[in-house]
Amino acid sequence: MLQRPPHLGKPSSLLLVVGLLSAALALVVLPHGSVAAAPAAATAAAPDPGDDYFRMPKGCPQPGKVIPQRPTGCRLTAFHKNRPTVMVWGDSHAWQHLPALLPLAKAYRVNLTAFTLGGCPPVQWPYKGTAQKHYLDSRGRLRNCHYSNALALHYAKSLNRRSQPLLVVLGSHWAGFRSHYQRIFVEGQTPQCDEAKPFVMEMSKLAHTRTDRLFNNLRRNSIRTVATSQAATVPPLRGANCEEREDPYTGRVKRKASIVDEGRTRTWLLNRMRGIPGSPDLVDINGAVCGPKWCRGMKNGIYTWYDDLHFSATRMRTLQPRWQGVFAGLR
């Protein structure tokens, strides 16, 4: 069982059982977007894991938030029209890769833009023609997740028409959404704890009905795309109440529980990536901390997880080599 270091307090519980923390928009040329400077360089020493997360530029997340919770544009590097662009799109499982991507973007002179909105799966949503009341907020505008995805797809299509290369990095808690939908809506299980919240239920349905459409749209528009695999997370304790999980800081957890439905999720992703320009495989970070049977909460003096669902920023920075070929290929 994983043990929490004595100098750390109780970890904050992340709501979405499906692992939904993240997808907001990063945009400057689109409406309602905002641009901010890149964050300062991270320190070399590994900090306490509970504070070891990627700091997005000021103006991207709302005050007191780690990841944007409303559609907003985030340029993580200065944008140059004559350079390739890497666009990160997804929920918090896309956001968690930014500590590895930002140094490479600077080294390879690549524009880096992030579309990561809290709790929102990457899906296909049209930029225009979605006036149904169900999808509108009290001000008559598209609700955050739908609008975020609409802006992201519009941005990708706009850049793809230019002569400079574009790469979409698509990431999500794939297995979380799929598992939630299967258990609740197919098998008819009674949702427990955060699973029952209306937002979680809605995002689960959205991922189920609209994720395939996104992959089809990327294929149809020949938008070069690389997808991240399902990342290891900290499993809940068997028989525990809603707030209890394994402490994700030392020790180890079973790989089968940490990477839910690993084989089927990988096959599902590869099938959807087929025919889309880009890497034929997935960017997989699990090998850095997981063996055939176990995933480790600490390796080489570095904590694996920042919280229950996301890798620490320090661990992610060590995984730059897994992205090296992706950036080199842009040139």
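Residues: numbered from 1 along the sequence shown.
The shortest distance between side-chain heavy atoms of Ile285 and Thr228 does not fall below 4.5 Å. Contact check for Pro121 versus Cys145: side-chain heavy atoms found under the 4.5 Å cut-off. In this structure the side chain of Met316 reaches within 4.5 angstrom of the side chain of His97, judged on heavy atoms. Leu167 has its side chain within reach of Val226: a pair of non-hydrogen atoms, C-beta onward, lies under 4.5 Å apart. Put simply, the side chain of Leu101 reaches to within 4.5 Å of the side chain of Leu112, judged on heavy atoms. By the 4.5 Å heavy-atom criterion applied to side chains, Gln96 and Leu309 are not counted as neighbours. Considering only heavy atoms from C-beta on, Leu153 stays 4.5 Å or farther from Trp125 through its side chain. At least one side-chain heavy atom of Tyr155 sits less than 4.5 Å from a side-chain heavy atom of Thr113.
In this view, Arg220 satisfies the side chain to side chain donor-acceptor pair (under 3.5 Å) rule with no residue, not counting sequence neighbours. Taking Gln320 as the reference, Ala100, Pro103, Leu104, Arg317 meet the side chain to side chain contact (heavy atoms under 4.5 Å, CB included) condition, with sequence neighbours excluded. Residues passing the salt bridge (Lys or Arg N to Asp or Glu O under 4.0 Å) test with Arg264 are Asp261, sequence neighbours excluded. A search for side chain to side chain donor-acceptor pair (under 3.5 Å) contacts involving Arg272 returns Asp212, not counting sequence neighbours. Judged as a salt bridge (Lys or Arg N to Asp or Glu O under 4.0 Å), and not counting sequence neighbours, Asp284 has no contacts. Residues forming a side chain to side chain contact (heavy atoms under 4.5 Å, CB included) with Val289 (at least two apart in sequence, or on another chain): Thr304, Phe311, Arg315. For Arg266, the salt bridge (Lys or Arg N to Asp or Glu O under 4.0 Å) partners are Asp281, not counting sequence neighbours. Arg255 is linked by a side chain to side chain donor-acceptor pair (under 3.5 Å) to Glu262, counting only residues two or more places apart in sequence or in another chain. Scanning for side chain to side chain contact (heavy atoms under 4.5 Å, CB included) contacts around Met298 gives Tyr303, with sequence neighbours left out. Scanning for side chain to side chain donor-acceptor pair (under 3.5 Å) contacts around Arg219 gives Asn216, with sequence neighbours left out. Contacts of Phe79 classified as ring pair (Phe, Tyr, Trp, His ring centres under 6.0 Å), with partners at least two apart in sequence or in another chain: none.
Separating the CZ atom in Arg296 from the SG atom in Cys290 is a distance of 10.5 Å, to the nearest 0.5 Å. To the nearest 0.5 Å, the span separating CD1 on Ile67 from OH on Tyr53 amounts to 10.0 Å. Going from atom OG of Ser229 over to atom CG of Leu270 covers 9.5 Å, rounded to the nearest 0.5 Å. Taken from NZ in Lys106 to CG in Asn111, the straight-line distance is 13.0 Å, to the nearest 0.5 Å. For the atom pair CZ (Arg213) and CG (Leu218), the distance works out to 14.5 Å, reported to the nearest 0.5 Å. Rounding to the nearest 0.5 Å places CD1 of Ile223 at 9.5 Å from CG of Leu159.
Formation of a donor-acceptor pair under 3.5 Å by the Asn286 side chain with backbone atoms of Cys295 is not found in this model. In this structure, Ser158 contributes its side chain and His154 its backbone to a donor-acceptor pair below 3.5 Å. Side-chain N or O atoms of Thr267 include one that pairs as donor or acceptor with a backbone N or O of Gly263 at under 3.5 Å. At least one donor-acceptor pair under 3.5 Å links the side chain of Trp305 to the backbone N or O of Ala232. A donor-acceptor pair under 3.5 Å is absent between the side-chain atoms of Glu187 and the main chain of Phe185, judged by distance alone. Side-chain N or O atoms of Asn221 include one that pairs as donor or acceptor with a backbone N or O of Asn217 at under 3.5 Å.
Defined by atom type and a distance below 3.5 Å, a donor-acceptor pair is present between the side-chain atoms of His180 and Ser204. Defined by atom type and a distance below 3.5 Å, a donor-acceptor pair is present between the side-chain atoms of Trp89 and Asn149.
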Check the pair Thr318 / Ile302 against side-chain contact (heavy atoms from CB on, under 4.5 Å), numbers first and verdict last. CA-CA 10 Å; Thr318 70; Ile302 299 175; 3.7 Å; yes
Check the pair Val88 / Phe115 against side-chain contact (heavy atoms from CB on, under 4.5 Å), numbers first and verdict last. CA-CA 6 Å; Val88 182; Phe115 290 75; over 6 Å; no
Checking Arg224 against Leu330 for the side-chain contact (heavy atoms from CB on, under 4.5 Å) test, could you report, in this order, the C-alpha distance in whole Å, the side-chain angles of both residues, the deciding distance, and whether it holds? CA-CA 10 Å; Arg224 187 177 180 187; Leu330 285 171; 3.9 Å; yes
If you apply the rule side-chain contact (heavy atoms from CB on, under 4.5 Å), what do you find for Tyr306 with Val66, and how did you get there? CA-CA 12 Å; Tyr306 146 63; Val66 173; 3.9 Å; yes
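Considering all non-hydrogen atoms of both residues, Ala231 and His93 come closest at CB-ND1, 4.1 Å. Across every non-hydrogen atom of Ala175 and Gln230, the tightest pair is N-OE1, 2.9 Å. Heavy atoms only, all atoms of each residue included: Asn160 and Leu166 are closest at N-CD2, 3.9 Å. The minimum heavy-atom distance linking Val253 with Ser258 is given by the pair CG2-CB, 3.9 Å. In terms of heavy atoms, Cys60 sits closest to Met56 at CB-CB, 4.3 Å. Ala196 approaches Met201 most closely through the heavy-atom pair O-CG, 3.9 Å.
Relative ring orientation between His208 and Tyr181 is described as parallel, the plane-to-plane angle staying below 30° on a 0-90° scale split at 30° and 60°. Taking the six-membered ring where the residue is Trp, His310 and Trp95 present perpendicular rings, their angle passing 60° and hence far from 30°. Below 30°, between 30° and 60°, or above 60°: for Trp174 and Phe215 the angle between ring planes is between 30° and 60°, a tilted geometry.
Both Trp268 and Ile276 are members of a single hydrophobic cluster when ILVMFWY side chains are connected at heavy-atom separations under 4.5 Å. At a threshold of 4.5 Å between side-chain heavy atoms, the hydrophobic network of Ile, Leu, Val, Met, Phe, Trp and Tyr places Val110 and Leu98 in one connected group.
Applying the salt bridge (charged side-chain N to carboxylate O under 4.0 Å, His left out) test to pairs two or more places apart or on separate chains, none has a residue in residues 150-161.
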